[in-house]
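A short worksheet on the structure shown next.
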Amino acid sequence: MDDEAMFVRTQSLPHSPQQHMTVRVCTPIGSAVVLWRGDLHEADGRHLIEWTVDADLHWGQNTRSAAATEPELRQEGDWVIMRGRLHLIDAGAAYLQMGHWSVLFDLGSPIPSSMNESWVEISVGTESVALHPYRT
């Protein structure tokens with residue numbers, strides 16, 4: 001399953017040549033600082049993007065039930081917090097539906113089947129979340 005593409009606004013952040021390029025991404029459901037995987041000269045602007053997250057879901061650790069029932073993206077220190085509906089695909093994968101788009105995840109530990117289609121919050125390190133410009 002491919003992640004769905006969505007338009008966002010990005011603003012490049014200062015970095016040294018040894019660091020990966022980071023951007024502040026602003027979406028209709030919130031903002032966060034993430035890695036930029038496109039052309040460095042195109043980091044500022046409005047882009048159709050896809051998300052990748054290089055972190056597995058671990059129930060009770062980085063994934064838990066959410067009290068709120070609306071999608072959200074926010075930054076807490078070095079952590080990106082994503083809230084949405086969790087959809088279990090099979091024993092090894094799931095996706096988080098956040099409004100009109102989704103993010104695919106691998107499962108690092110079993111997620112209770114009762115959590116399928118439930119609202120959850122997922123916390124991952126900023127260095128694990130990247131945006132890829134979508135080319136049509």
Side-chain angles (χ1 to χ4, degrees):
M1 173 180 159
D2 290 334
D3 295 338
E4 291 182 24
M6 68 176 288
F7 276 105
V8 298
R9 288 212 176 276
T10 55
Q11 174 188 11
S12 61
L13 300 173
H15 71 284
S16 70
Q18 296 82 17
Q19 294 177 315
H20 294 290
M21 170 68 118
T22 57
V23 295
R24 175 167 307 284
V25 58
C26 298
T27 75
I29 61 170
S31 68
V33 174
V34 299
L35 298 174
W36 177 252
R37 296 293 189 221
D39 185 313
L40 299 181
H41 298 97
E42 296 178 0
D44 289 306
R46 188 168 185 258
H47 301 281
L48 184 62
I49 58 95
E50 293 180 316
W51 296 86
T52 58
V53 179
D54 189 22
D56 293 347
L57 298 187
H58 295 275
W59 186 252
Q61 295 175 25
N62 68 349
T63 308
R64 58 189 50 84
S65 293
T69 57
E70 59 187 27
E72 182 182 37
L73 174 71
R74 72 179 187 275
Q75 186 83 35
E76 289 185 4
D78 292 334
W79 297 94
V80 174
I81 313 300
M82 300 175 181
R83 184 188 319 133
R85 281 189 186 263
L86 185 68
H87 297 270
L88 302 174
I89 300 170
D90 59 35
Y95 68 93
L96 184 68
Q97 187 71 40
M98 298 173 57
H100 299 294
W101 46 280
S102 60
V103 181
L104 185 63
F105 288 90
D106 289 327
L107 301 182
S109 66
I111 303 284
S113 60
S114 62
M115 294 310 299
N116 190 39
E117 298 187 18
S118 294
W119 288 91
V120 300
E121 281 192 357
I122 299 170
S123 305
V124 293
T126 297
E127 72 286 348
S128 297
V129 183
L131 296 183
H132 300 262
Y134 184 74
R135 308 273 189 232
T136 56

Open item on the list: Can you pull out every ring-ring contact (aromatic ring centres under 6.0 Å, His included) where at least one residue sits in residues 59-90? Sequence neighbours excluded, please.
Closed with: H87-Y95

Open item on the list: Going by ring-ring contact (aromatic ring centres under 6.0 Å, His included), name the pairs with one or both residues in residues 24-46, residues two or more places apart or in two chains.
Closed with: W36-H47

Measuring from [X]:[atom1] to [Y]:[atom2], what's the distance to the nearest 0.5 Å?
{"X": "M98", "Y": "R83", "atom1": "CE", "atom2": "CZ", "result": "9.0 Å"}
{"X": "R9", "Y": "S31", "atom1": "CZ", "atom2": "OG", "result": "13.5 Å"}
{"X": "H132", "Y": "I49", "atom1": "NE2", "atom2": "CD1", "result": "9.0 Å"}

Open item on the list: Tell me whether V8 shares a hydrophobic cluster with I81, the cluster being built from Ile, Leu, Val, Met, Phe, Trp, Tyr side chains joined at under 4.5 Å.
Closed with: no

- [ ] Report whether M21 and W51 are members of the same hydrophobic cluster (ILVMFWY, side-chain heavy atoms less than 4.5 Å apart, transitive linking).
- [x] yes

Task: Shared-cluster residues of L35, by chain and number - hydrophobic side chains joined below 4.5 Å - done: none

- [ ] Give me the other members of the hydrophobic cluster that V33 sits in, counting Ile, Leu, Val, Met, Phe, Trp and Tyr linked by side-chain heavy atoms under 4.5 Å, directly or via other members.
- [x] L13

By side chain to side chain donor-acceptor pair (under 3.5 Å) - contacts of [X] (at least two apart):
{"X": "R74", "answer": "E72, E76, E121"}
{"X": "E117", "answer": "none"}
{"X": "S12", "answer": "D44"}
{"X": "D106", "answer": "none"}

TODO: Output all residues satisfying salt bridge (Lys or Arg N to Asp or Glu O under 4.0 Å) with R85, sequence neighbours left out; order by chain, then residue number.
DONE: none

TODO: Kindly say whether A43 contributes a backbone atom to a donor-acceptor pair with the side chain of T10 at under 3.5 angstrom?
DONE: yes

TODO: Give me the one residue out of I111, T63, L96 that meets side chain to side chain contact (heavy atoms under 4.5 Å, CB included) with F105.
DONE: L96

Looking at [X] and [Y], what are the two nearest heavy atoms and their distance?
{"X": "E70", "Y": "W119", "result": "C-CZ3, 3.4 Å"}
{"X": "S118", "Y": "S114", "result": "OG-O, 3.5 Å"}
{"X": "L107", "Y": "A94", "result": "CD2-CB, 3.9 Å"}

- [ ] With sequence neighbours left out, write down each residue that passes ring-ring contact (aromatic ring centres under 6.0 Å, His included) with H58, or none if nothing qualifies.
- [x] none

TODO: Please list all pairs passing the salt bridge (Lys or Arg N to Asp or Glu O under 4.0 Å) test where one or both residues lie in residues 54-66, with sequence neighbours left out.
DONE: none

Open item on the list: Apply side chain to side chain contact (heavy atoms under 4.5 Å, CB included) to residues M82 and V53 and explain how you reach the verdict.
Closed with: CA-CA 11 Å; M82 300 175 181; V53 179; 3.9 Å; yes

Side-chain donor/acceptor pairs under 3.5 Å, residues 122-130, sequence neighbours excluded:
residue	atom	partner	partner atom	Å
T126	OG1	Q75	NE2	3.0
T126	OG1	D78	O	3.1

